[in-house]
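For reference, the structure discussed in these notes is given below.
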Amino acid sequence: MSIFSSLDPAPRDPILGMTEAFNADPAPEKVNLGVGVYLDETGKTPLMAAVRAVEQDLATRERPRGYLPIDGMPAFKAPVQALVFGENSPAVLAGRVATMQTLAGTGALRVGAGLLMLASPDATVMLSDPTWENHELLFSRAGFALERYRYYDRATGAVDVEGMLDDLAHAAPGTIVVLHACCHNPTGSDLAPEDWDRVVATLVEKGLVPFVDMAYQGLSVGVDEDRYAVTALAESGIPFVVANSFSKTFGLYGERIGAVHFVCSDAAEAARVLSQAKTVVRAMYSNPPTQGAAIVSAILTTPELRALWEQELAAMKDRIKQMRVEFRSGLEARGVTSDLEFVTAQAGMFTYSGLSLEQMQRLRSEFHVYGLDSGRLCIAAMNQRNMGIVVGAVAEVMKG
């Protein structure tokens, strides 16, 4: 009898499984709004000009392919800290931030969860309701019990700030709270700066441990503005964790490049935390790859490339906003009478459409438009060529 015979088939991943179903659909006109990837007007993942410039330069050099240190490329860490925490961040200057290069944002979350399991194995992790589907798998597989805090008000299409604060206020001290810095996935609804101030004050007062997921810095308002939550937490003085990714913001999905940052009480504690985080990585994958780190570090430390990257990122953000406007106006022009203000008020790559499971299933089966069962649609995958198909299909299912 096989050792594997007791294993049942795992449920299909709700996001990647949707892409599999889309690829298997023989319909000549079909649209995939399920996967979280930015696509340009041609429907392709763009190669950013800043990235292309660095890759062309790297291709002319003879570089050995030796192992990186466990915590990553040394030249990568300082510019990434400046991006995430801001130039001349007091926490960084004081040596309170321990940074690890990771396998994208998912790896950053998993390394952070592994370190927190070493530090506080009996803690509970609170996730927003709703949240990115992989958060639940990541933290549960790391060994944590999970709870939820109120976040999205489906009636208004906005954040339930009072419900969120009430749930945090009743959490046990030491609870780990996973927060979305900006462009909340899947809802697209974000806290305003004044709301973040109240959340941070509650986290401090109740002795909770923030874990910030920041995968979309620059795709909401701007690079500086989108780290408001991180800056506010750093100024509060409490320990916390940040995971950030360069998949969406640099178009480096396949390079799997990200970082995890442990903000500690002092430099001595940061050194101890880094040493333990290295053991977490050593037991998983030993050390990270080089190419993504080389690209990101070169862009962030070369003024001309940094300016070009920020220009490209702003253009991506603006195109997404324009797709929101066209999606909303298209639905209204087709007779959808429900309030669609939330579509243009939300930020980032996704909209939480409010469509039911049955409506999402109908979108796929009748119109070959694919989105998640939760109602999440990827605005960043819409373009002038598929907008008519999407709007027509969504209008039909919304009108019944």
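Note that these values count all heavy atoms, side chains included, but never hydrogens, waters or copies made by symmetry. Bear in mind the structure is a predicted one, so any value in this text is a computation, not a measurement. The residues of the chain are indexed from 1 along the displayed sequence.
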Q.
Is a donor from one side chain sitting under 3.5 angstrom from an acceptor on the other, for Thr344 and Arg328?
A. yes
- Under 3.5 Å donor-acceptor, Asp226 side chain and Gly218 backbone: yes
*Under the 3.5 angstrom rule, does the side chain of Thr302 hit a backbone N or O of Ile299 as a donor-acceptor pair?*
no
Problem set entry | Ring-ring centroid check Tyr152 His184, cutoff 6.0 Å | no
(request) Might you work through the ring pair (Phe, Tyr, Trp, His ring centres under 6.0 Å) test for Phe139 and Phe211, ending with a clear yes or no? (result) CA-CA 11 Å; Phe139 286 98; Phe211 195 141; 5.5 Å; yes
Item to complete: Measure the shortest side-chain to side-chain distance between Arg227 and Phe85 over non-hydrogen atoms and say whether it is less than 4.5 angstrom.
Response: no
Practice problem: Can you label the angle between the His135 ring and the His180 ring as parallel, tilted or perpendicular, going by 30° and 60°? | Solution: perpendicular
Can you tell whether the side chains of [X] and [Y] come within less than 4.0 Å, N to carboxylate O?
X      : Y      : value
Arg148 : Glu136 : yes
Arg198 : Glu194 : no
Arg150 : Asp166 : yes

Can Ser356 and Gln361 be said to form a side chain to side chain contact (heavy atoms under 4.5 Å, CB included), step by step?
CA-CA 9 Å; Ser356 68; Gln361 291 172 337; over 6 Å; no
Practice item. Check the surroundings of atom CD in Gln322: do more than 12 heavy atoms from other residues, nucleotides or ligands lie under 6.0 Å from it? Key: yes
Determine whether more than 12 heavy atoms belonging to other residues, nucleotides or ligands lie under 6.0 Å from atom CZ of Arg141. no
Can Glu41 and Arg319 be said to form a salt bridge (charged side-chain N to carboxylate O under 4.0 Å, His left out), step by step? CA-CA 9 Å; Glu41 273 300 315; Arg319 197 191 78 79; 2.9 Å; yes
Exactly one of Val230, Thr231, Leu179, Val161 clears side chain to side chain contact (heavy atoms under 4.5 Å, CB included) with Trp196, and that residue is Leu179
Test side chain to side chain contact (heavy atoms under 4.5 Å, CB included), reference Asn134, set Asn185, Thr106, Leu109, output is Thr106
For Ala294 and Val54 the tightest heavy-atom approach is O-CG1, 4.2 Å
